[in-house]
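A short write-up of the structure that comes next.
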Amino acid sequence: MRVLFAYPNEVADPWLVALRLALPDIAFSVWNPSGPPVGADAALVWRPPKALFEQEPTLKVIFNLGAGVDALLATDIPAAIRIVRLEDAGMALQMAEYAAFALARLSRDFDFYEANQKHARWQPARGTPRSAWPVGVLGLGAIGRQVADTLAALGYDVRGWSRTPRQLEGIDTFAGAAQWPDFLARTRVLINVLPLTDETRDLIDHRCLSQLLPGAHVINVGRGETLVEEDLLSQMESGHVAGATLDVFRTEPLPADHPFWRDRRIYITPHVAARTLRIESIAQIVENLKRLLRGETLRGVVDRERGY
Ligand code: NAP
Ligand code: GLV
């Protein structure tokens, strides 16, 4: 079996060394766009150009080096190629940590102390109880579940929303369009961990935001296109939404003249909420390659119709 590594801007050697050590019978190599085809059976990819599929028509499986496959599905990938994504692979814990940080920053007034430090101002805040910060997690998949569980373990009042009904201990769960209004009506801190699909694009819009509890806060760690940015700004203008913690944006990198940069109610990180971890990712891909060699079912296969 021949497997290509097609992750531009990533140092390939540490990946190849570990992969060759784990699977010495597989021929791993780095994709060379200007070289001859190698007759690859599989490829490890992140945002691969169409040229990869034109050059390697024998590809049967691609392993996405991330959880989200929106960019891949937007590329014209031959229908016969199976797309496999990372399932958690160390991202869920990072995301839970990010969400806990963003929530504690608000609920424990750390944003207030950050601002005060600039003026050497020593001023303890009055504080608010955790019950004042009901959380709603959008998406209860490999990552969203851990976000919800972690915040519930920290004592926050947490609910979650998914496409199909899910059961999680200690968490109120809601599903589909029918339960959307009830979910929003009990949520003050809305955390988006949904994949980007035709159904989730522009989901967090004016109508959604206006149904949240007053003083709402949006934490977006899913994809930028799920949030209508102008609607967030207008809801903040009206005072209904107090602020946002944003890791993903409709345009990345976020343009220097974007109004979000200058709004102190918005906390920005550059799409780093949950990074691809090499060791965990390799372990998951090696397990799947072994399954492929044995002719077994792969884990994490993307349903192209569903879009995730
Ligand atoms: P996942 O395991 O596929 O879970 C997706 C969840 O979203 C599922 O609970 C699914 O519902 C729900 N969902 C999908 N479409 C929906 C819809 N139309 N209505 C309601 N719920 C819907 O995905 P994951 O591994 O948790 O990853 C989620 C996303 O996080 C990725 O797709 C990616 O965009 C993002 N991400 C961001 C970063 C970052 O650094 N910012 C890092 C990693 C991932 P069901 O349970 O009913 O299927
Ligand atoms: C990162 O955004 C991912 O989808 O893994």
Side-chain angles (χ1 to χ4, degrees), residues 1-23 26-91 94-95 143 195-197 221-225 247-256 268-289 292 298 300-302 304 307-308:
M1 183 185 290
R2 293 176 194 280
V3 178
L4 283 176
F5 182 79
Y7 187 174
N9 305 321
E10 173 75 0
V11 183
D13 274 355
W15 290 83
L16 294 181
V17 167
L19 287 163
R20 285 175 183 144
L21 204 63
L23 296 166
I26 293 184
F28 291 98
S29 57
V30 178
W31 178 49
N32 176 1
S34 48
V38 301
D41 302 286
L44 276 58
V45 304
W46 181 247
R47 295 175 179 267
K50 237 181 118 179
L52 171 68
F53 306 100
E54 288 160 0
Q55 191 179 337
E56 297 293 341
T58 50
L59 277 173
K60 293 167 202 71
V61 185
I62 52 174
F63 295 97
N64 185 48
L65 292 169
V69 290
D70 45 293
L72 260 186
L73 294 180
T75 313
D76 204 6
I77 297 173
I81 297 181
R82 273 179 294 171
I83 300 173
V84 179
R85 70 187 195 87
L86 289 178
E87 279 183 314
D88 179 1
M91 285 185 276
Q94 293 178 73
M95 204 68 106
I143 299 177
L196 177 65
T197 67
V221 287
R223 284 290 184 263
E225 283 174 67
D247 183 58
V248 289
F249 302 88
R250 297 185 88 92
T251 305
E252 294 180 6
L254 186 64
I268 292 173
T269 51
H271 200 142
V272 292
R275 302 176 112 154
T276 295
L277 301 178
R278 192 177 67 240
I279 293 169
E280 289 81 347
S281 305
I282 288 174
Q284 199 166 101
I285 291 165
V286 163
E287 175 54 32
N288 255 335
L289 283 168
L292 194 62
L298 303 186
V301 176
V302 171
R304 291 200 193 201
Y308 68 99

*asked:* Classify the ring geometry of Phe5 against Trp15: parallel below 30°, tilted from 30° to 60°, perpendicular beyond 60°.
replied: tilted
*Any ion pair linking Lys60 and Asp41 (charged N to carboxylate O, less than 4.0 Å)?*
yes
*Under a 4.5 Å cut-off applied to non-hydrogen side-chain atoms, are Glu252 and Asp247 in contact?*
no
*Would you say Val61 and Leu292 make side-chain contact, with heavy atoms under 4.5 Å?*
yes
*Judged by atom type as modelled, is there a donor-acceptor pair below 3.5 Å linking the side chain of Glu280 to the main-chain atoms of Gly90?*
no
_Donor-acceptor pair, side chain of Glu56 and main chain of Pro37, under 3.5 angstrom_ = no
*Give a yes or no answer on whether the side chain of Ser281 reaches the backbone of Thr276 with a donor-acceptor pair at less than 3.5 Å.*
no
*Any sub-3.5 Å donor-acceptor pair from Glu225's side-chain atoms to Arg250's backbone N or O?*
no
*Nearest-0.5 Å distance that lies between atom CG in Leu21 and atom CZ in Phe28*: 10.5 Å
*Would you indicate whether the side-chain heavy atoms of Phe63 and Val3 approach each other to under 4.5 Å?*
no
_To check you understand the geometry: which heavy-atom pair defines the closest contact between Gly66 and Met91, and what is its length?_
C-CE, 4.2 Å
*Main-chain N/O of Leu196 paired with Asp70 side-chain donor or acceptor, under 3.5 Å*: no
_Pair Glu10-Trp46, side-chain donor/acceptor within less than 3.5 Å_ = no
*Min side-chain heavy-atom separation Val301-Ile83 under 4.5 Å*: no
*asked:* Quick check for you: to the nearest 0.5 Å, what is the distance between Ile285 atom CD1 and Leu298 atom CG?
replied: 11.5 Å
_Spatial distance of atom CD1 (Ile282) from atom CG (Leu44) [nearest 0.5 Å]_ = 8.0 Å
*State, to 0.1 Å, how close Thr75 and Lys50 come at their nearest heavy-atom pair, and which atoms those are.*
CG2-CG, 4.1 Å
*Could you tell me which non-hydrogen atom of Val30 sits nearest to which non-hydrogen atom of Ala12, and how far apart they are?*
CG2-CB, 3.6 Å
*Can you name the closest pair of heavy atoms from Leu52 and Ala43 and give their distance?*
CD2-CB, 4.5 Å
*So Ile81 and Arg304, side chain to side chain contact (heavy atoms under 4.5 Å, CB included) or not? Walk me through it.*
CA-CA 11 Å; Ile81 297 181; Arg304 291 200 193 201; 4.2 Å; yes
*Shortest non-hydrogen separation from Leu86 to Leu65 and the atoms involved*: CD1-C, 3.7 Å
*Straight-line distance of Gln94 CD to Ile143 CD1, nearest 0.5 Å*: 9.0 Å
*Arg85 CZ to Ile62 CD1 distance, which is reported to the nearest 0.5 Å*: 14.0 Å
*When you check the side-chain N and O atoms of Gln55 and Trp31, is any donor under 3.5 Å from an acceptor?*
yes
*Indicate yes or no: at least one non-hydrogen side-chain atom of Glu87 is less than 4.5 angstrom from one of Gln284.*
yes
*Where do Phe53 and Leu59 come nearest, in terms of heavy atoms and distance?*
CD2-CD1, 4.0 Å
_Do Pro195 and Arg223 have side chains that approach each other closer than 4.5 Å (heavy atoms only, starting at C-beta)?_
no
*Step through the shown structure and confirm whether more than 12 heavy atoms of other residues, nucleotides or ligands are within 6.0 Å of CZ on Arg2.*
no
*Between atom OG of Ser29 and atom CG of Leu19, what is the distance when rounded to the nearest 0.5 Å?*
11.0 Å
*Compare all side-chain heavy atoms of Ile77 with those of Leu72 and state whether any distance is below 4.5 angstrom.*
yes
*Quick one: does Asp13's side chain have a donor or acceptor within less than 3.5 Å of a partner on Val17's backbone?*
no
*With the side chain counted from C-beta on, respond yes when Leu289 and Met1 share a heavy-atom pair under 4.5 Å apart, and no when they do not.*
yes
*Should we say atom CZ of Arg20 is surrounded by more than 12 heavy atoms from elsewhere, each under 6.0 Å from it?*
yes
